[in-house]
Amino acid sequence: MRTSIATVSISGEFPEKLAAIAKAGFTGVEIFENDFLTYDASPREVSKMARDHGLDITLFQPFRDFEGMPEPHRGRTVERAQRKFDIMEELGTDLMLICSNVSPVSLGGIDRAAADFHELGDLAARHGVRVGYEALAWGRHVSDHRDAWEIVRRADHPSVGIILDSFHTLSRKIDPNSIRSIPGDKIFIVQLADAPLFDMDLLYWSRHFRNMPGEGDLPVVDFMRAVAATGYTGPLSLEIFNDQFRGGSARALAEDGHRSLVYVMDRVKRLEPDIRIDVPDMPDRIAARGVEFVEFTTAPSDKANLEALLGTLGFRKTGSHRNRAVDLYTQGDIRIVINTDNTGDTFAGASYSVHGTNAYAFGLKVENAQDAVKRASALGAPTFSEPRKPGEVTVPAIQGVGNGVMYFLDDSPALASIWTNEFLPTKNEKDAGDALLTRIDHLAQTTRYDEMPTWLLFYTSIFSTRRTPMVDVVDPGGLVRSQAIESVPEPGFRLTMNGADSRKTFAGKFLAEGFGTSIQHIAFATTDIFATARRLAELGFQPLPISRNYYDDLEARFGLEPDFSDALRAASILYDRDDSGEYFQIYSRTFGEGFFFEIVERRGAYGGYGAMNAPFRIAAQRRLLRPDGMPKE
Ligand SMILES: O=C(O)c1ccc(O)c(O)c1
Ligand SMILES: [Mg+2]
């Protein structure tokens with residue numbers, strides 16, 4: 001698979017862009033004219049730089065306002081093209097992109113445009129180059145690839161072809177299957193971009209909000225299936241205009257870009273088994289069944305606090321690792337591991353010294369743990385391993401969000417018996433009883449807003465998932481954007497990603513003080529929230545106190561019976577309801593740098609996360625940060 005990316009897609013100066021592009025595994029690069037014009041080097045020097053990095057220059061672009069010009073503009077346009085052909089020769093590329101005319105003086109007419117292209121084809125051939133015509137979604141006369149194709153067909157010149165760009169086709173909701181009738185050898189290059197669905201001006205949407213395939217909402221896989229069906233085997237080239245990306249890290253963007261192309265082509269290969277698609281073999285998207293454990297790293301001195309909090313949530317210590325300072329706490333199907341093995345250079349120790357106490361690792365239950373690592377590695381995720389002691393099993397793992405560790409467990413004998421083989425059971429003198437918590441409902445990871453696309457792509461490319469729409473949560477310190485990912489077909493693994501723009505938000509403060517992205521809360525499921533609340537009270541659990549105003553509003557909003565809302569209020573339970581069911585939430589107070597636990601009950605088929613309650617939760621957490629702490633009753 002030949003992969004390419006336009007220089008506009010990556011931040012930084014030319015040398016930095018090219019280095020990042022090559023390092024991420026691309027074989028080609030599109031030179032965006034503006035990047036070239038603003039960089040102080042000759043075309044030959046730029047050509048050499050690309051080639052020194054092993055990159056082909058797949059395209060020089062864009063050439064604007066060419067076809068359908070009346071005289072005297074027409075003559076000047078041809079002269080302009082001639083000069084660009086000279087530059088292309090020095091750059092060492094043979095393909096130029098001509099985007100459909102947006103000039104108000106341009107004239108329509110398919111035959112007029114075809115005649116212009118035929119003439120340009122002759123000129124291009126004399127320079128040994130080719131031209132490709134791309135329909136901009138906002139072109140004045142041509143805004144649809146089907147019209148662009150008709151012009152190219154009538155131009156009937158070997159040096160003139162069509163350029164397809166997924167954004168222009170899909171943003172206008174043009175059926176990508178219309179591509180299937182174009183001969184593959186007349187498609188000179190294919191540009192790919194995705195975008196979140198916004199109802200806005202096409203030009204503005206395209207120039208500011210494109211993102212990598214798989215990060216947005218456009219059916220890029222369907223588009224590529226149609227392209228593959230034409231027999232096209234040329235480069236797949238990313239062209240991503242995105243303001244946020246321009247401020248990001250060149251290396252991370254290039255890595256995301258490469259991952260997105262491999263992901264899309266792996267999807268296409270599975271959906272079109274009869275078409276030869278040149279993408280590395282890898283296991284299919286991994287169906288995560290659930291979170292098998294979450295592991296905290298902490299120091300012996302801090303451990304007691306975490307242990308005490310877990311105790312009030314009804315967890316008991318049920319095991320100690322045979323060789324290490326690692327303890328296991330369980331309840332229902334939930335396992336929490338506390339690691340204080342900070343001797344030597346363990347990863348847990350390193351994570352603790354950078355972030356303090358944090359949930360630095362979790363384990364996912366999957367069908368085949370080795371397959372999960374294989375797929376993740378094929379998509380560019382780093383694998384993780386640490387030296388094991390005799391008798392210890394190596395659990396397949398990768399590094400993910402914030403360098404946290406993601407372990408994979410399955411039913412193979414070695415992995416399935418790890419808890420009984422490596423941990424010695426703890427005898428509990430007196431059993432205080434649990435709080436009816438059954439499993440981990442979801443994990444919530446907090447990250448910088450600009451890193452969210454990276455991590456959404458990470459999860460959606462490796463796992464079989466669906467994403468819920470992005471919701472905005474208003475924090476008095478700024479906006480926090482939140483999106484949930486759920487495993488399919490079974491929602492056994494649920495994860496919410498919260499992106500904080502400002503360090504003044506509660507989430508942003510967690511990032512700043514914990515020095516980076518990490519799990520900020522863990523939500524446990526119960527099947528009876530009121531029974532759980534009673535048990536928690538007996539265990540001495542202190543819920544996050546919620547303001548009285550919240551309950552008054554809730555009662556009015558849902559028409560709740562006063563007895564019911566009183567019961568909610570008495571136990572500091574938050575409530576939500578939609579057409580499919582009900583949702584109950586209890587929050588713990590925060591621990592360390594803003595970490596907390598949540599307990600939820602889902603009734604019916606409620607599939608959300610209580611987003612409308614988030615501002616109340618945040619307000620309550622902020623109140624507790626104040627010196628007096630307590631809410632006014
Ligand atoms: O926004 C533009 O002008 C523009 C230019 C070149 C392209 O290939 C494109 O897709 C858009
Ligand atoms: Mg384009």
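If you're wondering where the values come from, they're calculated on a predicted model, not measured in any experiment. Both counts, for ligands and for their atoms, begin at 1 and track the order of listing.
Coordination check, Q191 versus the Mg ion (ligand 2): passed, since an N/O/S atom of the residue sits under 2.8 Å.
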Report every pair formed by an N or O atom of ligand 1 and a protein N or O atom separated by less than 3.5 Å, giving atom names and the distance to 0.1 Å.
from, atom 1, to, atom 2, distance (Å)
ligand 1, 1 (O), R207, NE, 2.6
ligand 1, 1 (O), R207, NH2, 3.3
ligand 1, 3 (O), R64, NH1, 2.6
ligand 1, 3 (O), R64, NH2, 3.1
ligand 1, 3 (O), R207, NE, 3.4
ligand 1, 3 (O), R207, NH2, 2.8
ligand 1, 8 (O), Q61, OE1, 3.0
ligand 1, 8 (O), E134, OE1, 2.9
ligand 1, 8 (O), E134, OE2, 3.0
ligand 1, 8 (O), Q191, OE1, 3.2
ligand 1, 8 (O), E239, OE1, 3.2
ligand 1, 8 (O), E239, OE2, 2.7
ligand 1, 10 (O), E134, OE1, 3.4
ligand 1, 10 (O), E134, OE2, 3.2
ligand 1, 10 (O), D165, OD2, 2.9
ligand 1, 10 (O), H168, NE2, 2.6
ligand 1, 10 (O), R210, NH2, 3.1
ligand 1, 10 (O), E239, OE1, 2.8

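Taking the six-membered ring for Trp and the full ring otherwise, W149 and Y133 have centroids separated by 6.0 Å or more. Proximity of the aromatic rings of F32 and F241 is defined here by a centroid distance below 6.0 angstrom, and this criterion is met.
Applying the 6.0 Å contact sphere to CD of E13 captures no more than 12 heavy atoms from other residues, nucleotides or ligands.
A salt bridge is absent between R172 and D144; no separation between the charged side-chain nitrogens and carboxylate oxygens falls under 4.0 Å.
The N, O or S atom of E239 with the smallest distance to the Mg ion (ligand 2) is OE1. As for E134, its N/O/S atom nearest the Mg ion (ligand 2) is the one called OE2. Looking only at N/O/S atoms, D165 comes nearest to the Mg ion (ligand 2) through OD2.
Between the side chain of E272 and the backbone N or O of K269, no donor-acceptor pair lies under 3.5 Å.
Taking 4.5 Å as the limit, every side-chain heavy atom of E239 sits out of range of all side-chain heavy atoms of I5.
Using bins of under 30°, 30° to 60° and over 60° for the plane-to-plane angle, the ring pair F66/F117 lands in the perpendicular bin. Between Y39 and F14, the ring-plane angle classifies as parallel under the 30° and 60° cut-offs.
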